[in-house]
Amino acid sequence: MSDNFEKRMELAKKKDLIINDDYTNYRKVLNLYKEGFFTLLNNTFNFSSIDEKIDKSNLLFTNIKLNEKYSSFISKYFRCLNQFYIEKIEEQYLNILIKKEKIDNEVLNIVGITYKEILKKDNVKTATYNPPTLENIVENGTIVIELVYGKNSKELSKEEFLVNLRKQNEFLKQLISDLEKEIIEKTGLKTKIFLNKTTGDLK
């Protein structure tokens, strides 16, 4: 167990997120905070409309059903991969969040004030996402989103497949570039969108 994890748990206990090995408050605040962050991004960037743009591209994209374990946006294609270090939230805000049962404007306001710090892991410069390749190393505190899609929605000949693949790649490259720029501009945080083309279950 890393020293950093131990320090995180000590801080969580100090702030009564963990009481006598009871993680109820920690889980409650974490889930509420994540939902609040996803709601803010959904409200700002409307991922459902981006889904529609993908569907109307006529490039045979299929969505992999994002169940509750993975889904974080109102989207068929996008999910957020960030971790949230809620033990860093100031106690004045934690005292409010612990008492909340659902998302409201007060929760969204707290998330909006604090998320730049809560997405950052202490004492590290970078974060690595699976698979652990150079392309999947990002600066600490980066918003990390994954665009997940499956195999083509219909069978194609080899020549048709290659033509469609080239068009898919061009379409996604522009889509991702535009969305990354918009998120950076509106959140003030570096943003990375990974592509995940899969034919099986999400891991």
Verify, without hydrogens or angle tests, whether [X] (side chain) and [Y] (backbone) share a donor-acceptor contact under 3.5 angstrom.
{"X": "Lys53", "Y": "Ser48", "value": "no"}
{"X": "Glu35", "Y": "Ile103", "value": "no"}
{"X": "Asn31", "Y": "Arg27", "value": "yes"}
{"X": "Thr142", "Y": "Glu139", "value": "yes"}

Roughly how far, to the nearest 0.5 Å, is the [atom2] atom of [Y] from the [atom1] atom of [X]?
{"X": "Ile118", "Y": "Lys34", "atom1": "CD1", "atom2": "NZ", "answer": "14.0 Å"}
{"X": "Lys154", "Y": "Phe161", "atom1": "NZ", "atom2": "CZ", "answer": "14.0 Å"}
{"X": "Lys190", "Y": "Ile183", "atom1": "NZ", "atom2": "CD1", "answer": "15.5 Å"}
{"X": "Leu59", "Y": "Phe171", "atom1": "CG", "atom2": "CZ", "answer": "6.5 Å"}
{"X": "Leu172", "Y": "Ser57", "atom1": "CG", "atom2": "OG", "answer": "8.0 Å"}
{"X": "Asn95", "Y": "Lys99", "atom1": "CG", "atom2": "NZ", "answer": "6.5 Å"}

Are [Y] and [X] connected into the same hydrophobic cluster when the rule is that any two of I, L, V, M, F, W, Y join if their side-chain heavy atoms are below 4.5 Å apart?
{"X": "Tyr93", "Y": "Val107", "result": "yes"}
{"X": "Leu119", "Y": "Leu81", "result": "no"}
{"X": "Met9", "Y": "Leu11", "result": "no"}
{"X": "Val29", "Y": "Ile113", "result": "yes"}
{"X": "Ile176", "Y": "Phe45", "result": "yes"}

Review item, side-chain donor-acceptor pairs of residues 122-132, under 3.5 Å, at least two apart:
from, atom 1, to, atom 2, distance (Å)
Asp122, OD1, Lys88, NZ, 3.0

Answer yes or no: is there a side-chain heavy-atom contact under 4.5 Å between [X] and [Y]?
{"X": "Asn152", "Y": "Phe61", "answer": "no"}
{"X": "Glu106", "Y": "Ile96", "answer": "yes"}
{"X": "Gln168", "Y": "Lys197", "answer": "yes"}
{"X": "Ile50", "Y": "Asn46", "answer": "no"}
{"X": "Ile193", "Y": "Leu175", "answer": "no"}
{"X": "Asn4", "Y": "Lys121", "answer": "yes"}
{"X": "Leu108", "Y": "Leu40", "answer": "yes"}

Exercise for review: Show the numbers, then the answer: is there a side-chain hydrogen bond (donor to acceptor under 3.5 Å, both in side chains) between Ser177 and Gln174?
Suggested key: CA-CA 5 Å; Ser177 176; Gln174 188 63 54; 4.8 Å; no

Check your understanding: Step by step, would you call Glu159 with Ser157 a side-chain hydrogen bond (donor to acceptor under 3.5 Å, both in side chains)?
Key -> CA-CA 5 Å; Glu159 183 176 332; Ser157 68; 6.0 Å; no

Check your understanding: Looking at the rings of Tyr149 and Tyr77, which for Trp means the six-membered one, are their centres under 6.0 Å apart?
Key -> no

Heavy-atom pair with the smallest gap, counting every atom of [X] and [Y]:
{"X": "Ile98", "Y": "Asp16", "answer": "CD1-O, 4.5 Å"}
{"X": "Leu17", "Y": "Asn25", "answer": "O-CB, 3.5 Å"}
{"X": "Leu189", "Y": "Thr191", "answer": "O-OG1, 3.2 Å"}
{"X": "Leu41", "Y": "Phe47", "answer": "O-CE1, 3.9 Å"}
{"X": "Leu32", "Y": "Lys102", "answer": "CD1-C, 3.7 Å"}
{"X": "Ser75", "Y": "Asp51", "answer": "OG-OD1, 2.9 Å"}

Review point. Counting only heavy atoms not in Gln92, do more than 12 fall under 6.0 Å of its CD?
Key: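 Yes, the 6.0 Å shell around CD holds more than 12 heavy atoms from other groups.
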
Review point. Got a sec: does the NZ of Lys100 have more than 12 other heavy atoms crowding it under 6.0 Å?
Key: yes

Exercise for review: Could you tell me how the ring of Phe37 sits relative to the ring of Phe84: parallel (under 30°), tilted (30 to 60°) or perpendicular (over 60°)?
Suggested key: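 If you compare the ring of Phe37 with that of Phe84, the planes turn out perpendicular.
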
So does [X] pair up with [Y], basic N to acidic O under 4.0 Å?
{"X": "Glu146", "Y": "Arg79", "answer": "yes"}
{"X": "Lys28", "Y": "Glu101", "answer": "yes"}
{"X": "Glu10", "Y": "Lys14", "answer": "no"}
{"X": "Arg166", "Y": "Glu170", "answer": "yes"}

Exercise for review: Evaluate the criterion salt bridge (Lys or Arg N to Asp or Glu O under 4.0 Å) for residue pair Lys181 and Glu185; output intermediate values, then yes/no.
Suggested key: CA-CA 6 Å; Lys181 287 177 183 177; Glu185 179 183 337; over 6 Å; no

Practice item. Please test Thr24 against Asp22 for side-chain hydrogen bond (donor to acceptor under 3.5 Å, both in side chains), starting from the C-alpha separation and ending with a verdict. Key: CA-CA 6 Å; Thr24 300; Asp22 182 349; 2.5 Å; yes

Practice item. In sequence, state the C-alpha distance, the side-chain angles, and the governing distance for Tyr115 and Lys120, and then conclude on side-chain contact (heavy atoms from CB on, under 4.5 Å). Key: CA-CA 9 Å; Tyr115 71 82; Lys120 292 178 69 174; over 6 Å; no

Review point. Which is it for Asn105 and Asn109 under the side-chain contact (heavy atoms from CB on, under 4.5 Å) test, yes or no, and what are the steps along the way?
Key: CA-CA 6 Å; Asn105 288 334; Asn109 184 54; over 6 Å; no

Practice item. Decide yes or no on side-chain contact (heavy atoms from CB on, under 4.5 Å) for Glu87 and Tyr26, but give the supporting numbers first. Key: CA-CA 8 Å; Glu87 65 279 354; Tyr26 191 98; 3.3 Å; yes

Exercise for review: Evaluate the side-chain contact (heavy atoms from CB on, under 4.5 Å) criterion for residues Asn164 and Leu60: first the C-alpha distance (whole Å), next the side-chain angles of each, then the deciding distance (0.1 Å), finally the verdict.
Suggested key: CA-CA 8 Å; Asn164 190 69; Leu60 309 181; 4.1 Å; yes

